[in-house]
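Keep in mind that this is a model prediction, so the values were computed, not measured. Throughout, residue positions are numbered sequentially from 1 according to the sequence presented.
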Amino acid sequence: MPLTIQFHIRYSAWHVLYATLAKFAKSVCDGAPALDLVESVTCILQLMARLLEQQPSLDNMFPAAYAEPEAFGRSNPALGKLLGSPAPIKHFLPLLFPILSLCGAYSDPPLDMLTAALSCVSYFALAHPTEVWERLQYSDFLPSYAPQEEAFATGAAGGGMRSALQRILHNTEVPNGEYSMTLAFLDLISTLLVNCHLSSPVDGEFHSRHAPRTTLSFAALAPAVDYLRTEVFAYYDGWRYRSVLQRWEIGTKILAIFAEILYDTSSDDSVVAMAVAEPGAADAAPFSLKDSLVDAFMHDGSLHHALLTVIGMGPHAVEALFAARRTREAQAVEAMIISAFEVLHFLLFDPSVQEANAALRTSLLSRTVGGDELSLIAAIASYINYPYAPRVTVLAVDTLSQICTISLASRPSPSILGYFGADAPIFRDTFVNRLKSSAEDEAVRIAILNLMSTALETQPGLAQLLLNDEVGESGTAKGIAADEKAKAKAKPPPK
């Protein structure tokens with residue numbers, strides 16, 4: 001029987017993890033990455049990401065290891081210092097950024113390791129947003145404007161951006177159809193946006209190009225949001241995907257970010273004024289991130305297309321996924337449609353954009369979807385048949401009310417009823433039945449009543465259809481006749 005020797009030694013597994021990460025990070029910074037450690041580092045980062053998902057702050061995750069740091073300090077001063085620190089994030093977090101920036105620049109980047117590292121940064125940001133943002137500003141990983149003095153308001157969209165993240169997207173993820181890094185980046189931006197309102201402007205600091213870059217604000221995230229708008233959202237629908245779920249997740253996360261920016265009033269105070277003039281000249285006019293996003297949607301047809309494509313999917317796309325028991329995909333598509341409606345609502349009805357959304361209104365009224373060239377207006381009306389989340393139906397009906405209102409600005413005013421075509425009687429029956437049902441969600445019934453009220457003032461044909469007791473073709477014919485009569489009254493008298 002062989003002799004067994006047992007050593008009585010106390011140690012912390014966190015020391016092993018830290019030492020391995022530190023060794024790999026140093027080798028990367030020295031230009032000679034320890035390739036034999038890539039697999040170990042990937043596993044460590046994936047473990048940390050999973051733990052941080054449950055507990056965003058490491059401070060309370062291993063209190064026992066911090067109880068007696070002296071024993072470890074005597075054998076290893078560096079690890080003893082780590083044990084004695086009350087904030088382990090200050091030791092672990094700096095190791096992640098050289099891994100992201102330098103390994104992200106490789107021609108064949110280790111995506112699993114980079115995704116896990118970026119996920120750790122995102123989860124760290126939940127508890128320590130300021131520390132994470134300060135580190136991000138000095139890494140070459142996030143999109144940024146180059147040169148920094150380029151005007152945000154007037155510069156070309158995405159001009160000068162050459163970050164590791166962009167190189168990975170265009171050189172690796174799009175060709176391979178796998179988008180784990182992009183999804184992790186979207187989670188990071190979402191987390192930082194939530195914390196932006198905590199960093200309020202001080203003495204107009206965001207009105208100057210000399211504003212501190214380390215201050216977390218809506219304006220500071222402008223390059224990242226600009227990248228999402230110009231290089232991801234405008235094109236993601238045409239990329240190839242090994243897992244179609246990633247397509248829906250990308251759309252859902254980006255639209256949720258856009259909605260957060262548009263509806264959060266604190267973003268009005270976070271303005272960026274990148275100076276066009278030479279140093280010493282007067283500062284440029286302030287330009288908020290919200291203004292930039294609205295301006296892009298008002299004038300960029302590719303954004304119109306991407307936004308309306310999501311809305312035009314219709315309820316049947318989600319119902320088919322639920323029926324096929326592809327629940328995660330169905331839930332992702334449902335959330336994406338909700339966010340798309342929320343963005344569209346702001347762009348159509350917010351007072352700040354009423355005079356600038358003519359191009360979007362035109363796209364909305366002229367767009368067709370699907371192989372059978374169904375009008376987008378009819379696709380929106382079809383959400384009245386959606387049997388799942390009432391929120392989807394409410395947003396769709398509210399959108400129809402908004403369309404009725406903005407149709408008055410068109411000359412000649414279009415007949416919304418005419419967009420329904422042969423499906424008008426079916427829509428009418430569903431609207432009325434859901435309104436009369438005592439079991440119906442109250443928000444849905446209120447939305448239908450608002451639509452009827454709006455139609456009475458703006459769309460006599462649609463009002464005639466919804467209020468007429470005659471169901472079927474005769475009711476539709478009367479509605480169309482009412483629209484024609486209203487148009488005749490609106491025509492100016494002949495000279």
Side-chain angles (χ1 to χ4, degrees), residues 21 25 38 41-56 58 89 92-106 108-129 131-133 135-137 139-144 161 163-195 216 221 223-225 227-229 231-233 236 239 241-258 260 328 332 335-336:
L21 289 177
V38 169
V41 170
T42 300
C43 293
I44 291 172
L45 293 175
Q46 289 173 342
L47 172 63
M48 287 183 61
R50 182 60 61 88
L51 293 172
L52 287 166
E53 184 179 4
Q54 305 300 321
Q55 174 64 48
L58 284 177
I89 183 178
F92 279 96
L93 190 59
L95 302 179
L96 303 178
F97 293 100
I99 294 175
L100 286 171
S101 297
L102 299 178
C103 293
Y106 296 164
D108 185 18
L111 287 186
D112 289 342
M113 181 179 69
L114 293 174
T115 300
L118 188 57
S119 296
C120 288
V121 173
S122 182
Y123 290 128
F124 270 129
L126 292 171
H128 305 276
E131 291 87 342
V132 168
W133 182 246
R135 296 281 180 179
L136 282 171
Q137 289 304 289
S139 69
D140 183 37
F141 186 75
L142 287 186
S144 61
M161 293 183 178
S163 67
L165 183 69
Q166 289 167 289
R167 292 190 292 269
I168 290 173
L169 172 66
H170 294 293
N171 299 338
T172 305
E173 290 193 319
V174 172
N176 294 337
E178 293 277 356
Y179 302 90
S180 57
M181 283 290 292
T182 296
L183 288 169
F185 172 67
L186 290 171
D187 289 336
L188 173 61
I189 297 301
S190 297
T191 301
L192 294 176
L193 279 174
V194 170
N195 290 278
L216 179 58
L221 293 175
V225 175
Y227 159 70
L228 293 179
R229 173 176 59 81
E231 298 190 38
V232 183
F233 184 66
Y236 84 99
W239 295 340
Y241 294 87
R242 290 188 179 181
S243 170
V244 71
L245 176 62
Q246 290 191 335
R247 174 184 174 185
W248 312 136
E249 289 178 337
I250 289 175
T252 300
K253 293 176 187 294
I254 293 180
L255 285 168
I257 288 171
F258 289 166
E260 174 75 18
R328 287 187 62 192
M336 180 172 63

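Nearest heavy-atom pair, L100 versus L114, reported as atom, atom and distance to 0.1 Å: CD2-O, 3.6 Å. Closest approach of P109 to I168, counting heavy atoms only: CG-CG1, 4.2 Å. Closest approach of F124 and L93 over heavy atoms only: CD1-CD1, 3.7 Å. E173 approaches S180 most closely through the heavy-atom pair OE2-N, 3.3 Å. Between F92 and M48, the closest heavy-atom pair is CD2-CE, 3.8 Å. Considering every non-hydrogen atom in both A25 and P98, the closest pair reads CB-CG, 4.3 Å.
Between atom CG of residue L47 and atom CG of residue L51 there is a gap of 4.5 Å, rounded to the nearest 0.5 Å. Annotation: the span from F258 atom CZ to L228 atom CG amounts to 6.0 Å, rounded to 0.5 Å. Distance check, rounded to the nearest 0.5 Å: CD1 of I99 to CZ of F141 gives 12.0 Å. Atom CD of E178 sits about 9.0 Å away from atom CG of D112, to the nearest 0.5 Å. A distance of 11.0 Å separates CD in Q46 from CE in M113, rounded to the nearest 0.5 Å. With values rounded to the nearest 0.5 angstrom, L118 atom CG is found 9.5 Å from L96 atom CG.
Judged purely by atom type and a 3.5 angstrom limit, S119 uses its side chain to pair as donor or acceptor with the backbone of T115. Checked by atom type and distance alone, the side chain of E231 never pairs as donor or acceptor with a backbone atom of Q166 at under 3.5 Å. With hydrogens and angles ignored, the 3.5 Å screen pairs a side-chain donor or acceptor of T252 with a backbone N or O of A332. Judged purely by atom type and a 3.5 angstrom limit, R167 has no side-chain atom pairing as donor or acceptor with the backbone of G104.
Here the side chains of L165 and P143 are in contact, with some heavy-atom distance below 4.5 Å. Residues L21 and L45 form a side-chain contact, since some pair of their non-hydrogen atoms from C-beta on lies under 4.5 Å apart. Between M181 and L111 the shortest side-chain heavy-atom distance falls below 4.5 Å. Within the 4.5 Å cutoff, the side chain of L136 has heavy atoms near those of the L188 side chain. At least one side-chain heavy atom of Y227 sits less than 4.5 Å from a side-chain heavy atom of L169. A heavy-atom distance below 4.5 Å is found between the side chains of Y241 and I250. Side-chain atoms of W133 and L221, non-hydrogen and from C-beta on, do get closer than 4.5 Å to each other.
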> side chain to side chain contact (heavy atoms under 4.5 Å, CB included) between R328 and E249: does it pass, once the steps are laid out?
Replying inline: CA-CA 10 Å; R328 287 187 62 192; E249 289 178 337; 3.5 Å; yes
>> Before you tell me yes or no, could you show the steps for Y123 and D187 under side chain to side chain contact (heavy atoms under 4.5 Å, CB included), namely the whole-Å CA-CA distance, both residues' side-chain angles and the distance that decides it to 0.1 Å?
In response: CA-CA 9 Å; Y123 290 128; D187 289 336; 5.8 Å; no
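Between Y236 and F233, the angle of the ring planes stays under 30°, which puts this pair in the parallel group of the 30/60° scheme.
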